[in-house]
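Presented below is the structure to which this report refers.
Source: prediction; values computed, not measured.
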Amino acid sequence: MEEIKYAKVQETQMRNSNVKKRIIAGIIVLTVIVVTVIVTIIVISGINKDKDNKAKTVDLSEYIEVNYSGYDGYSRATYSIDRDGLEKAFIEAQENSNISDTEKAYNALALTFMTSVKLSKSSKLANGDKIEVRVEILDDDYLKTTDIIAEEVKYSVEVKDLKEVSKINLFDYIKVTFDGTDGDVIAIIENTSTDEFLSGVYLLYTETWYLSIGDKVTITIFDDDVNYALENGYEFTEISRDYVVPKVDSYTKAFGELDDDIVTQMNTKVEDIILEYFEEYFNISASNIKLVGGYFLINELKDEWRYHNYYYPIYSVDVTSKDGKFEKTTIYCTVEIYDILNKVSGEVTFENGTSILGVTDLEIRSFFNVSGFNSLDEVYKHCVTETSSYLKLESKLGDIK
């Protein structure tokens, strides 16, 4: 019996030992599983962390566009920043940052405006030129306070497909007209081009007023527009041109310039007016009408629109009162001739007054005296000394004062 009991005890112990072994084996397997899971989680977390880090990197060059425009050799380069897109990228790069949305937005906006673009060359570009582009955040210290990675970027852009400039002479479209009389000519300058750019080119020119025959008007294209034209596809073949005032109508400046025929015409005109005057009055008569001399004056002002010169032919006239109011008396009569003009056609024109100048002491009737002057001194005083200060006596004709 004891042997049987011992055998059962032994069997029970063996069974318990096997159970323990199985439990230990199970624990080991479970531990391996747990460790595997933990390792897997760590690996996945590391992968996710790498993904998060990658998400924080912003490639600045993706938001920069470099453009060039113009013509071969004269092109200009410009750049633009997609600020909306860049700001959005900066916000997304802070997705896992432990800061408020307001702070994220502030960082994004600040960094967007801190983004700097520099071009190695931006003007006088030609086909084949390389433009080096550099993009960076100006305040690197501020960038480091955020979770964003935005490193400096350098790359190049090649210039190509630019058209050649066209050579043109702008002065083929410049029309210059001279209007006025010698000494008072004005140059009228007109750009007749219908091209949007050429018609707006700024021109510099010398004095265009108060010009005389032979004077030059120099027209020059403004320097800035010469360069601007190249950028717009035009190369000017001529930058400056002189225009000379041609022969124009001119007012007589010296009595000696006048032909005898025109002098005779003017004298005759005055004599006719004198005769017509005395024919109007039945109680006086005029005789022995003779040309005794004259005065020729010129206007020295440039801005007068008339009265450029004066000619006073002086006639002596013997006047008699038919009703005995005065005895036969010699008086002096003149009518003004002015604006004697020599036209380009060769014709000479003039203007004249319509009545005798001055008043004598000879009474025709109450409060009405004969027109004219009592003496040559009075004629001189009226026509020369008392005239406007801008009139100059150029010639004295005949044996008079």
Side-chain angles (χ1 to χ4, degrees), residues 180-185 210-215 245 247-278 286 288-319 330-360 371-401:
T181 58
D182 187 26
D184 193 24
V185 174
Y210 306 127
L211 301 173
S212 300
I213 296 172
D215 284 351
V245 180
K247 187 175 181 180
V248 294
D249 295 348
S250 60
Y251 289 99
T252 301
K253 297 177 181 176
F255 193 80
E257 298 174 0
L258 298 170
D259 292 338
D260 291 343
D261 288 344
I262 191 64
V263 174
T264 299
Q265 287 181 38
M266 294 187 292
N267 291 341
T268 300
K269 186 69 175 179
V270 172
E271 188 174 344
D272 288 343
I273 292 172
I274 293 171
L275 290 172
E276 288 174 5
Y277 172 78
F278 286 106
N288 198 25
I289 301 175
K290 294 187 302 184
L291 180 66
V292 296
Y295 299 114
F296 182 77
L297 297 88
I298 56 172
N299 187 337
E300 295 187 308
L301 295 181
K302 287 186 175 182
D303 58 352
E304 288 292 305
W305 66 277
R306 62 183 301 188
Y307 306 128
H308 297 83
N309 51 40
Y310 287 88
Y311 171 46
Y312 297 100
I314 303 169
Y315 285 82
S316 64
V317 182
D318 293 339
V319 183
T330 299
I331 65 172
Y332 299 91
C333 298
T334 187
V335 176
E336 63 183 7
I337 301 289
Y338 59 92
D339 285 348
I340 306 168
L341 181 65
N342 305 292
K343 293 193 171 182
V344 175
S345 63
E347 180 186 7
V348 178
T349 62
F350 58 86
E351 302 293 332
N352 61 268
T354 57
S355 59
I356 298 171
L357 299 175
V359 179
T360 68
S371 295
F373 298 94
N374 297 306
S375 66
L376 287 172
D377 285 343
E378 288 186 3
V379 178
Y380 182 81
K381 183 179 179 181
H382 178 88
C383 297
V384 180
T385 61
E386 290 186 349
T387 190
S388 299
S389 60
Y390 54 81
L391 291 177
K392 175 185 177 183
L393 178 63
E394 189 278 331
S395 293
K396 183 185 72 169
L397 312 169
D399 188 19
I400 58 175
K401 181 177 179 181

Separation between CD1 of Ile314 and NZ of Lys290, rounded to the nearest 0.5 Å: 14.0 Å
Going by the angle between their ring planes, with limits at 30° and 60°, are Tyr251 and His308 parallel, tilted or perpendicular? parallel
State whether Asp182 and Lys253 are salt-bridged, where the test is any N-O pair (Lys NZ or Arg NE/NH1/NH2 against Asp/Glu carboxylate O) under 4.0 Å. yes
Is the shortest side-chain heavy-atom distance between Thr252 and Leu258 below 4.5 Å? yes
Verify side chain to side chain contact (heavy atoms under 4.5 Å, CB included) between Asn342 and Glu257, making sure each step is shown before the conclusion. CA-CA 10 Å; Asn342 305 292; Glu257 298 174 0; 4.2 Å; yes
Shortest non-hydrogen separation from Val317 to Cys333 and the atoms involved: CG2-SG, 4.1 Å
Indicate yes or no: at least one non-hydrogen side-chain atom of Tyr338 is less than 4.5 angstrom from one of Asn352. no
So, taking the atom named CG in Asn288 and the one named OH in Tyr315, what distance separates them when rounded to the nearest 0.5 Å? 13.0 Å
Please check if the side chain of Asp184 supplies one atom and the backbone of Tyr210 the other of a donor-acceptor pair under 3.5 Å. no
For residues Asp318 and Thr330, is any side-chain donor paired with an opposing acceptor at under 3.5 Å? yes
Asn299 and Tyr307 have their tightest heavy-atom pair at ND2-O, 3.0 Å
Taking all non-hydrogen atoms of both residues into account, name the closest pair between Phe296 and Ile340 and its distance. CE1-CD1, 3.9 Å
Taking side chain as C-beta onward, heavy atoms only, is Thr349 less than 4.5 Å from Lys343? yes
Quick one: closest heavy-atom pair of Cys383 and Thr334, and the distance? SG-CG2, 4.3 Å
Do Leu357 and Ser371 have side chains that approach each other closer than 4.5 Å (heavy atoms only, starting at C-beta)? no
Less than 4.5 Å apart, side chain to side chain, heavy atoms only: is that true for Val185 and Ser212? no
Spatial distance of atom CD1 (Ile274) from atom OG (Ser355) [nearest 0.5 Å]: 11.5 Å
Once rounded to the nearest 0.5 Å, what's the spacing between atom NE2 of His382 and atom CG of Asp377? 14.5 Å
Separation between CD of Glu347 and CG of Leu341, rounded to the nearest 0.5 Å: 8.5 Å
Between Tyr310 and Ile337, is any pair of side-chain heavy atoms under 4.5 Å apart? no
Just wondering, do Tyr312 and Val270 contact through their side chains at under 4.5 Å, heavy atoms? no
Just verifying a value: how many Å separate Glu336 CD and Asn309 CG, rounded to the nearest 0.5 Å? 11.0 Å
Quick one: are Phe350 and Tyr311 in side-chain contact, heavy atoms under 4.5 Å? no
Please check if the side chain of Lys396 supplies one atom and the backbone of Ile400 the other of a donor-acceptor pair under 3.5 Å. yes
How far apart are the closest heavy atoms of Glu271 and Ile289, and which atoms are they? CG-CG2, 4.5 Å
Minimal heavy-atom distance between Asn267 and Leu291, with the atoms involved, is ND2-CD2, 3.5 Å
Taking Asp215 for the side chain and Val245 for the main chain, is one N or O donor matched with an acceptor at less than 3.5 Å? no
